[in-house]
There are 2 protein chains.
Amino acid sequence: MTMMFGPDDLIDHDGPITPYRQLAAILKARIARGDWRPNRPIPSEARLVQEYGLARSTVRRGIAELVAEGVLFVMPQRGTYVSPSDSTEGAEG
Amino acid sequence: MTMMFGPDDLIDHDGPITPYRQLAAILKARIARGDWRPNRPIPSEARLVQEYGLARSTVRRGIAELVAEGVLFVMPQRGTYVSPSDSTEGAEG
DNA sequence: ATCAATTTGTTCGTATGTATG
DNA sequence: CCATACATACGAACAAATTGA
């Protein structure tokens with residue numbers, strides 16, 4: 001299996017895949033990798049803006065993608081969190 | 001081998017070859033020459049319209065020709081990209 | 001209660017690019 | 001050629017709630 005994304009992967013603004021989809025894929029990969037655990041917050045939108053060099057609207061779009069997938073959930077004025085998974089977790093808990 | 005087309009080649013509107021085929025040949029030559037790399041966008045349709053003095057429909061027709069050949073691929077609302085080739089491209093990454 | 005910093009929610013404007021007529 | 005529609009991206013500004021001092 002090949003690793004598609006990493007924590008320090010950069011966004012390819014000229015690539016065929018839209019930046020917000022690239023971000024969604026990167027965040028998804030980082031979650032799967034365990035960078036952020038269930039019920040734990042991911043970096044703030046502002047932090048992701050800095051880290052990946054994207055506009056905030058683009059970051060929000062990428063996050064919205066994962067919220068729609070159930071990977072993330074948002075607590076307004078609090079943060080964006082990794083959804084608790086029903087199958088993946090529970091091993092060591 | 002001889003170089004048939006170049007970046008600043010012009011379209012011969014009175015010649016026996018239709019303009020859209022001339023454009024397709026020009027673009028193909030420029031890709032082979034390395035003007036645009038795999039997974040990188042070629043100039044926008046509007047840009048090609050200006051550069052070669054063609055109608056947009058003609059540009060689109062020429063592009064469609066190369067898409068059919070697998071030389072280019074289009075990402076809607078994003079751009080037209082050079083297909084990643086397995087044999088035509090150079091060894092240098 | 002006041003102040004400041006942080007974080008998500010929302011809207012507006014501008015630009016680019018394809019899709020279609 | 002022009003006009004319209006849609007999708008995407010960036011930038012800026014403001015609102016609302018949270019947090020900590």
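Each chain gets a letter, A, B and so on, in the order the sequences are listed, and its residues count up from 1. Note that the coordinates shown come from a computational prediction; the quantities given were computed from them, not determined experimentally.
Closest to the side chain of Arg61(A), from the set dT8(D), dG9(C), dT18(C), is dT8(D). The side chain of Val49(B) sits closest to dC1(D) out of dT7(C), dC1(D), dT8(D).
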For nucleotides 15-20 of chain D, tabulate all protein N/O to nucleotide N/O atom pairs closer than 3.5 Å, reporting atom names and distance.
unit_1	atom_1	unit_2	atom_2	d
dA16(D)	N3	Gln77(A)	NE2	3.2
dT19(D)	OP1	Arg78(A)	NH1	2.6

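Computed from coordinates, the Arg47(A) CZ to dA5(C) C1' distance equals 16 Å when rounded to whole Å. Spacing between atom CD of Glu45(B) and atom P of dA3(D) amounts to 18 Å, rounded to whole angstrom units. Taking atom CZ on Phe73(B) and atom P on dG17(C), their separation rounds to 16 Å, with Å as the unit. Atom CD1 of Ile63(A) and atom P of dT10(C) are 14 Å apart (whole Å). When the P atom of dG11(D) is taken as reference, atom CZ of Arg60(A) falls 16 Å away, rounded to whole Å. Tyr52(A) places its OH atom 15 Å from the P atom of dC10(D), with the value rounded to the nearest Å. Summarising the geometry, the separation between CD on Gln50(B) and C1' on dG17(C) is reported as 13 Å, rounded to the nearest angstrom. Rounded to whole Å, the distance from CD1 on Ile42(A) to P on dT7(C) is 12 Å.
OP1 or OP2 of dC10(D) lies within a sub-4.0 Å distance of a side-chain N or O belonging to Thr58(A). For Thr80(A) and dT8(C), the shortest distance from a side-chain N or O to OP1 or OP2 is below 4.0 Å. Close to dT8(D), at under 4.0 Å from its OP1 or OP2, lies no side-chain N or O of His13(A).
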When you look at Thr58(A) and Arg60(A), which way does the side-chain contact (heavy atoms from CB on, under 4.5 Å) test go after all the steps? CA-CA 5 Å; Thr58(A) 305; Arg60(A) 286 178 60 77; over 6 Å; no
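Using a 4.0 Å heavy-atom criterion, one finds that Ser57(A) contacts the bases of the nucleic acid, with or without backbone contacts as well.
Residues Tyr52(B) and Leu23(B) meet the side-chain proximity criterion, which asks for heavy atoms closer than 4.5 Å.
Ion pair Arg40(B)/Asp12(A) flagged as a salt bridge, since at least one NZ, NE, NH1 or NH2 atom sits closer than 4.0 Å to an Asp/Glu carboxylate oxygen. We find that Glu45(A) and Arg61(A) are not joined by a salt bridge, their nearest charged nitrogen and carboxylate oxygen being 4.0 Å or further apart.
Residues passing the salt bridge (Lys or Arg N to Asp or Glu O under 4.0 Å) test with Glu65(B), sequence neighbours excluded: Arg21(B).
Linking Ile, Leu, Val, Met, Phe, Trp and Tyr residues whenever their side-chain heavy atoms come within less than 4.5 Å places Ile63(A) and Trp36(A) in a single cluster.
DNA chain D is contacted by both Tyr20(A) and Gly53(B); Gly53(B) maps to the nucleotide lying nearer its 5′ end (nearest heavy atom per residue). Along DNA chain D, the nucleotide nearest Ala55(B) and the nucleotide nearest Val59(A) are compared for position; the residue whose nucleotide lies closer to the 5' end is Ala55(B).
Using a 4.5 Å cut-off between side-chain heavy atoms of Ile, Leu, Val, Met, Phe, Trp and Tyr, Tyr20(B) forms no hydrophobic cluster with any other residue.
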